[in-house]
Amino acid sequence: MLTLDSEKYTAKYRGKSVLFSPMEFDILKVLLNTDNDTVSRQKLVSKIWGKHIRGMDYRIIDKHISRIRRKTCRDVILTVPGSGYRYNR
């Protein structure tokens, strides 16, 4: 369904090229590499930036997830209430 090429920073969804921002791409990379586990906003931030960022509004992740869904489809990333997000394989 969704394939990422980390070397070229390109993505395809259902065979069509999709342009993601660097942050959207990094979020997808983390979600695709978690073996169908749920990933919290905090964990996404720490995996992308490598640390906890004090004072950061983790809701910014929600905005990026929303953009990813608009570029693909709503069911690509599932929201797990109270836990975070996971890629829908």
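The side chain to side chain donor-acceptor pair (under 3.5 Å) search around Thr79 returns Arg69, not counting sequence neighbours.
Rounded to the nearest 0.5 Å, atoms CD (Glu24) and CZ (Arg70) are 8.5 Å apart. Leu28 contributes atom CG, which lies 9.5 Å from atom NZ of Lys71 (distance to the nearest 0.5 angstrom). Atom CG of Asn36 sits about 10.0 Å away from atom CG of Leu32, to the nearest 0.5 Å. The distance from atom CG of Asp5 to atom OG of Ser17, rounded to the nearest 0.5 Å, is 10.5 Å. Rounding to the nearest 0.5 Å gives a distance of 4.5 Å between NZ of Lys29 and OG of Ser6. Distance CZ/Arg74 to OG/Ser66: 7.5 Å, rounded to 0.5 Å.
The ring-ring contact (aromatic ring centres under 6.0 Å, His included) pairs that include a residue from residues 70-89 number zero, where partners must be two or more places apart or lie in different chains.
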request  = Applying side-chain contact (heavy atoms from CB on, under 4.5 Å), run through Arg41 and Asp62 and close with a yes or a no.
outcome  = CA-CA 8 Å; Arg41 290 178 192 95; Asp62 300 347; 2.7 Å; yes
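With hydrophobic clusters built from ILVMFWY side chains whose heavy atoms lie under 4.5 angstrom apart, Ile60 shares a cluster with Ile27. Residues Val80 and Val39 do not share a hydrophobic cluster, defined by chaining ILVMFWY side chains whose heavy atoms lie under 4.5 Å apart.
Residue Phe25 comes nearest to Phe20 through the heavy atom pair N-CB, 4.0 Å, listed as atom of the first residue, atom of the second, then distance. Across all non-hydrogen atoms, the minimal contact from Thr72 to Ile68 is OG1-O, 2.8 Å. For the pair Val30 and Thr34, the tightest heavy-atom approach, listed with the atom from each and the gap, is O-CG2, 2.9 Å. The two residues Ser83 and Thr38 have their closest heavy-atom pair at CB-CG2, 3.6 Å.
Crowding of Arg89 atom CZ: a count of heavy atoms from other residues, nucleotides or ligands under 6.0 Å exceeding 12.
Proximity of Tyr13 to Val76: side-chain heavy atoms (C-beta onward) are separated by under 4.5 Å at one or more points. Here the side chains of Thr10 and Leu4 are not in contact, with every heavy-atom distance at 4.5 Å or above. Between Arg86 and Ile77 there is no side-chain heavy-atom pair separated by less than 4.5 Å.
The closest donor-acceptor contact from the side chain of Asp26 to the backbone of Ile48 lies at 3.5 Å or more, if one exists at all.
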